[in-house]
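Structure first, then comments.
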2 protein chains.
Amino acid sequence: MIKFNRTTEYGLMALRHMSRKQLMDPSEVTSAREVADTYGLPFEITAKTLLRLKDSGLIQSAHGAKGGYTLQKSLEQISLAEFLDLMEGRQSLVACAIDSDESLLDCAYGNRCEIKHVMGRLNEKVARFLSGIQLSEITQESFNKGSSP
Amino acid sequence: MIKFNRTTEYGLMALRHMSRKQLMDPSEVTSAREVADTYGLPFEITAKTLLRLKDSGLIQSAHGAKGGYTLQKSLEQISLAEFLDLMEGRQSLVACAIDSDESLLDCAYGNRCEIKHVMGRLNEKVARFLSGIQLSEITQESFNKGSSP
DNA sequence: TGAAATCGGACTCTAGCTATCGTATATCAG
DNA sequence: CTGATATACGATAGCTAGAGTCCGATTTCA
């Protein structure tokens, strides 16, 4: 149903880590090794995740020793919908309602199912919901109250 | 990310089918064979799906020839959150934020990740969103009331 | 020159979704 | 009573995407 995959999760953790680190000193760089070690994540996947974030333009990279990544876009400028799109690819709620005009002729179920456009509506509703959430909302600490340590 | 699995999709199609059929004559029964044939779905899975809906109390069954299923609860009484819970089991957005108190000690990532309760908040936000959607909204043809098209 | 970093491809492993088969039981029509 | 059509249920195989691993190449700093 509704579940982030691991790379999305890793990506959020990395962005949050970098965001907090650069809060004081914006020139601070973060390596994949640092993120992986800090949170106990598998290095290879963490590296791939950060690379993907870089290819998407969310962060920028510096090669070589003392290299690493720095935030390029403000996390307030990125919606959760956009982020999920980058990390997991655009997907539809149901098999018959992928919002591509050409890949779908009528309906996966022999066009006897009229549910398609109805699900399309629901799909848009979800998309609007996700677009209304900024990454900064997620990565920031303080929009909550006392949950125990 | 956000994607229904097939049984959920089949379930929605079946419920919609039954709902429209019973609109005129509430005593009409619907068999798994009928649903499967109408929409070109695999019979076995359709049958299992309807059985699941019956076990969940959404529909009721009649054995034997001329038997089949009838709606038991109004689709306005069922939220999408509830339905997804029944069909796919309760799930969390992220691995570290499953809302079970006992199964999770600190955090899947060696409790060095403070993102858990933040994700928990997001999780609740999504749950509220899904709880606000009724199945009748999805299964009915036009639901443009209120929201902009 | 070597250590540490990004970059990239190819691969295995696995869980969960999807589908199929076989069988038992219940009910109605004739 | 018998056959047709239902639900009910378990076992199992196939498939796909997610998750992780392995190996190597390139770049940069000290």
Side-chain angles (χ1 to χ4, degrees), chain A residues 1-11 13-14 18 28-70 72 84 87-96 108-109, chain B residues 1-11 13-14 18 28-37 39-56 58-70 72 84 87-96 108-109:
Chain A
M1 56 167 295
I2 297 192
K3 194 177 182 65
F4 292 168
N5 65 27
R6 284 288 234 261
T7 56
T8 302
E9 199 167 346
Y10 297 167
M13 291 163 76
M18 295 169 65
E28 285 240 35
V29 298
T30 304
S31 70
R33 175 69 62 188
E34 175 184 336
V35 174
D37 287 350
T38 302
Y39 303 105
L41 311 180
F43 167 72
E44 307 284 352
I45 299 185
T46 306
K48 279 181 168 45
T49 301
L50 287 173
L51 184 57
R52 184 160 197 168
L53 292 178
K54 178 248 173 184
D55 287 339
S56 303
L58 271 63
I59 60 181
Q60 61 187 165
S61 67
H63 278 233
K66 306 264 178 173
Y69 296 97
T70 50
Q72 190 164 30
L84 285 173
M87 297 302 289
E88 312 189 3
R90 176 158 299 162
Q91 288 187 354
S92 170
L93 279 176
V94 294
C96 69
Y109 305 118
Chain B
M1 57 166 295
I2 297 191
K3 194 177 183 66
F4 292 168
N5 66 26
R6 285 287 236 262
T7 57
T8 302
E9 200 167 345
Y10 296 166
M13 292 164 76
M18 297 169 64
E28 285 240 34
V29 298
T30 304
S31 70
R33 175 69 61 190
E34 176 183 336
V35 174
D37 286 351
Y39 302 105
L41 311 179
F43 166 72
E44 309 282 353
I45 298 184
T46 306
K48 277 184 168 48
T49 301
L50 287 174
L51 183 59
R52 185 162 197 169
L53 292 178
K54 177 248 173 184
D55 288 337
S56 303
L58 271 63
I59 60 182
Q60 62 188 166
S61 67
H63 277 232
K66 307 265 176 172
Y69 297 96
T70 50
Q72 190 164 32
L84 286 173
M87 297 302 290
E88 313 188 1
R90 175 157 298 158
Q91 289 188 354
S92 170
L93 278 176
V94 293
C96 70
Y109 305 116

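A note on names: the letters A, B, ... follow the listed sequences, proteins ahead of strands, and every chain is numbered from 1.
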Throw together a table of side-chain donor-acceptor distances under 3.5 angstrom for residues 60-67 of chain A, partners on residues two or more places apart or in other chains.
none

Would you mind reading off the distance between [X] atom [atom1] and [N] atom [atom2], rounded to a whole angstrom?
X	N	atom1	atom2	answer
A:Arg6	D:dG20	CZ	C1'	10 Å
A:Ile45	D:dT21	CD1	C1'	8 Å
B:Leu50	D:dT7	CG	C1'	10 Å
A:Arg52	D:dA19	CZ	P	12 Å
B:Asn5	C:dA15	CG	C1'	14 Å
B:Lys48	C:dT20	NZ	P	11 Å
A:Tyr69	C:dA5	OH	P	11 Å
B:Phe43	C:dG22	CZ	P	15 Å

Handout entry: Selection from D:dT7, D:dT21, C:dT20 that lies nearest to any side-chain heavy atom of B:Glu44
Key =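 So the nucleotide nearest the side chain must be C:dT20.
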
Exercise for the section: Evaluate side-chain contact (heavy atoms from CB on, under 4.5 Å) for B:Thr70 paired with B:Thr30, printing each intermediate quantity in order. Expected result: CA-CA 7 Å; B:Thr70 50; B:Thr30 304; over 6 Å; no

Exercise for the section: Take A:Val35 and A:Tyr10 through the test side-chain contact (heavy atoms from CB on, under 4.5 Å) and record every step on the way to the result. Expected result: CA-CA 9 Å; A:Val35 174; A:Tyr10 297 167; over 6 Å; no

Handout entry: A:Thr7 OG1 to A:Leu50 CG distance, which is reported to the nearest 0.5 Å
Key =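 Atom-to-atom, A:Thr7:OG1 and A:Leu50:CG are 11.0 Å apart.
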
Practice task
Please work out if B:Ala32 contacts a base, only the sugar-phosphate, or nothing of the nucleic acid, heavy-atom cut-off 4.0 Å.
Solution key: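 Since only primed, P, OP1 and OP2 atoms lie under 4.0 Å of B:Ala32, the category is sugar-phosphate.
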
Exercise for the section: Do nucleotides 23-30 of chain C as a string where each nucleotide becomes B, S or -: B if the base has a protein heavy atom under 4.0 Å, S if just the sugar-phosphate does, - if no protein is that close. Expected result: ---BBS--

Practice task
Between A:Thr7 and B:Ser61, just flag the one whose closest nucleotide in DNA chain D comes earlier from the 5' side.
Solution key: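 First, find each residue's nearest nucleotide; the 5'-ward one identifies B:Ser61.
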
Practice task
Verify side-chain contact (heavy atoms from CB on, under 4.5 Å) between A:Met13 and A:Leu41, making sure each step is shown before the conclusion.
Solution key: CA-CA 10 Å; A:Met13 291 163 76; A:Leu41 311 180; 4.1 Å; yes

Problem - Side-chain N or O of B:Tyr10 closer than 4.0 Å to phosphate OP1/OP2 of C:dA19 - result: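 Yes, B:Tyr10 has a side-chain N/O under 4.0 Å of OP1/OP2 on C:dA19.
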
Practice task
Report yes if at least one side-chain N or O of A:Lys54 is closer than 4.0 Å to OP1 or OP2 of C:dC7; otherwise report no.
Solution key: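 Checking A:Lys54 against C:dC7: at least one side-chain N or O falls below 4.0 Å of OP1 or OP2.
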
Handout entry: With A:Thr8 via side-chain hydrogen bond (donor to acceptor under 3.5 Å, both in side chains) - residues at least two apart
Key =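 Scan of A:Thr8 (side-chain hydrogen bond (donor to acceptor under 3.5 Å, both in side chains), adjacent residues dropped) gives A:Asn5, A:Glu88.
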
Problem - Working for side-chain contact (heavy atoms from CB on, under 4.5 Å), residues A:Ile59 and A:Met18 - result: CA-CA 10 Å; A:Ile59 60 181; A:Met18 295 169 65; 3.7 Å; yes

